[in-house]
Amino acid sequence: MSRLYGDPIEVWTRDGEPTQFVWRDRLHLVRRVLDHWVVAREWWKTSEGDPGERRFWRVEATPGREVGSYELRYDTASNGWLLMRAWD
């Protein structure tokens with residue numbers, strides 16, 4: 001079962017992929033990337049140079065010993081990250 005959140009998060013990356021993130025004051029280390037996709041919509045563009053993309057990663061991460069699956073989203077317009085979904 002998954003839950004939707006849409007919470008802002010702080011993310012560290014290496015070669016464009018998330019390696020760790022802080023969600024609800026807990027550091028999560030990304031163990032592996034399960035999936036990555038890009039969605040581009042014309043109406044998401046905020047300026048001429050904005051590609052209007054949202055980049056998604058489904059990752060397996062640990063906030064300690066527990067392993068969970070999380071969906072992270074990067075917004076090219078705001079240069080910000082959100083935790084969109086978490087699986088039990």
Side-chain angles (χ1 to χ4, degrees):
M1 173 142 176
S2 70
R3 292 192 173 103
L4 293 174
Y5 292 98
D7 293 344
I9 57 174
E10 187 175 354
V11 177
W12 288 263
T13 62
R14 183 180 311 122
D15 299 325
E17 288 192 351
T19 57
Q20 58 187 10
F21 60 94
V22 173
W23 178 48
R24 296 187 174 174
D25 297 324
R26 293 183 76 187
L27 178 65
H28 292 67
L29 301 175
V30 174
R31 298 284 181 130
R32 66 185 180 126
V33 173
L34 302 172
D35 199 3
H36 174 250
W37 65 99
V38 177
V39 178
R41 300 284 187 258
E42 188 68 30
W43 54 271
W44 280 341
K45 291 185 176 188
T46 59
S47 67
E48 189 61 38
D50 178 13
E53 290 180 351
R54 305 299 185 265
R55 299 176 188 166
F56 295 85
W57 282 265
R58 184 166 298 137
V59 299
E60 192 174 81
T62 59
R65 295 182 188 205
E66 316 154 16
V67 177
S69 294
Y70 304 89
E71 185 176 293
L72 313 178
R73 185 184 91 182
Y74 175 72
D75 182 343
T76 58
S78 68
N79 201 29
W81 289 85
L82 297 174
L83 186 131
M84 298 303 295
R85 184 182 305 259
W87 282 264
D88 295 338

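Bear in mind the structure is a predicted one, so any value in this text is a computation, not a measurement.
Within a 6.0 Å radius of CZ in Arg24, other residues, nucleotides and ligands contribute more than 12 heavy atoms.
Shown here are the side-chain contact (heavy atoms from CB on, under 4.5 Å) partners of Asn79, two or more places apart in sequence or in another chain: Tyr74. Here Arg32 pairs with Leu34, Glu60 under the side-chain contact (heavy atoms from CB on, under 4.5 Å) rule; sequence neighbours left out. For Ile9, the side-chain contact (heavy atoms from CB on, under 4.5 Å) test picks out Val11, Phe21, Trp23, Leu72, Trp81, Leu83, with sequence neighbours left out.
Residues Arg26 and Pro63 approach most closely at NH2-O, 2.7 Å, considering heavy atoms. Closest approach of Gly64 to Arg31, counting heavy atoms only: O-NH2, 4.4 Å.
The closest side-chain donor-acceptor pair between Arg85 and Ser2 falls under 3.5 angstrom.
Expressed to the nearest 0.5 Å, how far OH of Tyr70 lies from CZ of Arg58 amounts to 13.5 Å.
For the pair Trp12 and Val22, the minimum side-chain heavy-atom distance is below 4.5 Å. For the pair Arg55/Trp57, a side-chain contact is recorded, criterion being any heavy-atom separation below 4.5 Å from C-beta on.
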Show the numbers, then the answer: is there a side chain to side chain contact (heavy atoms under 4.5 Å, CB included) between Leu82 and Tyr5?
CA-CA 8 Å; Leu82 297 174; Tyr5 292 98; over 6 Å; no

